[in-house]
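These notes concern the structure reproduced below.
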Amino acid sequence: MTELEHARQYLSLQINEVVCWWWCYIREISWQLLIALVAYLCVCVFLYAVLKRVGHAAWQLPGPPGRLLLVTAHPDDEVMFFGPLVYWLARSKASEVYLLCLSMGGDRRRIDELWACTRVLGIPAANVTIIMSSELPDDQGVQWPTDVVAESILQYVEMYRINAVVTFDKHGVSRHKNHISLYFAIAALCIEKKVPPYCKLYVLESVNVIRKYIQLLDLPISLLSASYWYLVTYEQRRTIKGAMVAHKSQYVWFRKLYMVFSRYTFINTLQEVSALDLELDLQFD
């Protein structure tokens, strides 16, 4: 055997050893990841089973608020993003839910769809208000005037002596500028100290796109990160899905997928808004 053949044989053995080592390493890591994933899934199922039996009233909004105002940008926001919150509060004897929708969604038939949806969710028709203004167009690229939105919300709060206002946070769940406008409106009211002392402000927590579409798997993270949360069972989610079906013009294939996979149809996590936090947050932005 020549020296060149010896070198080739030695190199081949070295390559085989490296490949074998990497294969063993990848296989070991894969098993560890699989075990971790199964363990995490078991934790999710266990938490769901426990919470389904014992309830979670202790983690809902304090009070609970006697009169809660949900502020949305478009018809269908109330069910696509706030379904679990509305489901529980609409069935609570201690709370009355009011809905303020700042646009009709660009099509008048969506007004009728909103009435139909709120009937399914359990919000009285007398508690639903839709604002139709040329200053508040349904446009993902338009941020609404803060003063106009803030004035509408404040007027509603004072008229009905609202105890809690819930709307989107600064990311608007989907980064829709109409959604974000609602956050800046309540932020302005809070910083300018225009909010009555009997009213508190809360925002719906936005999450990254992975958490947004893993439904039950987001449960442990949501419970650890949020101050307040509302969770529905899979049986209760049928009511939320039925309410979304009422938005016939919007219930297209990708929204059907959204209703299946989105964690917002399963759990809502909320944070309270404070003037100090807002000043630091807005200054940082």
Side-chain angles (χ1 to χ4, degrees), residues 56-73 77-92 94-102 121 123 127 129 146 149-150 152-174 176 178-207 211-212 218 221-232 240 263-282:
H56 58 280
W59 293 276
Q60 296 179 0
L61 296 182
R67 297 187 175 196
L68 180 137
L69 173 62
L70 175 61
V71 183
T72 61
D77 289 348
E78 75 289 340
V79 62
M80 286 184 65
F81 306 114
F82 299 94
L85 167 75
V86 175
Y87 179 90
W88 281 109
L89 288 177
R91 285 154 183 76
S92 169
S95 300
E96 188 170 7
V97 180
Y98 293 79
L99 174 63
L100 176 62
C101 183
L102 272 293
L121 289 175
I123 304 176
N127 293 4
T129 301
T146 299
V149 178
S152 298
I153 296 173
L154 182 59
Q155 183 179 4
Y156 208 105
V157 168
E158 293 176 339
M159 182 185 305
Y160 294 98
R161 291 190 65 82
I162 298 297
N163 304 121
V165 175
V166 176
T167 191
F168 295 99
D169 68 3
K170 66 177 182 179
H171 301 296
V173 176
S174 58
H176 196 303
N178 292 171
H179 296 178
I180 296 170
S181 301
L182 307 185
Y183 169 79
F184 282 110
I186 66 165
L189 291 174
C190 187
I191 292 173
E192 295 169 10
K193 295 181 171 55
K194 292 183 178 180
V195 182
Y198 53 79
C199 182
K200 292 187 176 182
L201 307 175
Y202 301 92
V203 291
L204 179 70
E205 180 187 24
S206 295
V207 298
R211 288 184 59 193
K212 187 176 180 180
D218 191 54
I221 304 172
S222 295
L223 301 188
L224 289 173
S225 64
S227 301
Y228 310 105
W229 45 269
Y230 288 81
L231 173 72
V232 294
I240 297 174
R263 50 93 74 181
Y264 288 99
T265 64
F266 182 70
I267 187 169
N268 285 158
T269 51
L270 307 169
Q271 301 287 352
E272 185 173 355
V273 174
S274 69
L276 180 59
D277 291 340
L278 282 173
E279 288 174 356
L280 293 174
D281 196 21
L282 295 175

Q. Side chains of Glu96 and Asn127: is there a donor and an acceptor less than 3.5 Å apart?
A. yes
Q. In terms of heavy-atom contacts, does CZ of Arg91 have more than 12 from other residues, nucleotides or ligands at under 6.0 Å?
A. yes
Q.
Measuring from atom NZ of Lys200 to atom OG of Ser274, what distance do you get when rounded to the nearest 0.5 angstrom?
A. 11.5 Å
Q) About how many Å separate NE2 of His179 and OG1 of Thr167, when rounded to the nearest 0.5 Å? A) 8.5 Å
Q. When you look at Ser174 and Lys212, which way does the side-chain contact (heavy atoms from CB on, under 4.5 Å) test go after all the steps?
A. CA-CA 10 Å; Ser174 58; Lys212 187 176 180 180; 4.0 Å; yes
Q.
Can you classify the ring geometry of Tyr156 versus Tyr160 as parallel (below 30°), tilted (30 to 60°) or perpendicular (above 60°)?
A. tilted
Q) Between CD of Gln271 and CG of Leu201, what distance do you get to the nearest 0.5 Å? A) 13.5 Å
Q: Would you check if Leu70 and Cys101 make a side-chain contact, meaning some heavy-atom pair closer than 4.5 Å?
A: no
Q) What's the verdict on side-chain contact (heavy atoms from CB on, under 4.5 Å) for Ser206 and Val173, showing C-alpha distance, side-chain angles and the deciding distance? A) CA-CA 5 Å; Ser206 295; Val173 176; 4.0 Å; yes
Q | Heavy-atom donor-acceptor pair, Ser92 side chain to Trp88 backbone, under 3.5 Å | A | no
**Q.** Heavy-atom side-chain contact between Arg263 and Val207 under 4.5 Å
**A.** yes
Q. Between Trp59 and Trp229, what is the ring plane arrangement, given parallel below 30°, perpendicular above 60°, and tilted in between?
A. parallel
Q) Does the side chain of Ile267 come within less than 4.5 Å of Pro84's, by heavy atoms? A) no
Q | Asn268 side-chain N/O to Leu85 backbone N/O, donor-acceptor pair under 3.5 Å | A | yes
**Q.** side-chain contact (heavy atoms from CB on, under 4.5 Å) between Val165 and Leu100, worked out
**A.** CA-CA 10 Å; Val165 175; Leu100 176 62; over 6 Å; no
**Q.** Leu189 and its side-chain contact (heavy atoms from CB on, under 4.5 Å) partner, picked from Val157, Val149, Ile153
**A.** Ile153
Q. Do Asp169 side-chain atoms and Val203 backbone N/O form a donor-acceptor pair below 3.5 Å?
A. no
Q | ring pair (Phe, Tyr, Trp, His ring centres under 6.0 Å), paired with Phe82, selected from Tyr230, Phe168, Tyr202 | A | Phe168
Q. Is the NZ or CZ atom of Arg67 both under 6.0 Å from the centre of the six-membered ring of Tyr98 and within 45° of that ring's axis?
A. no
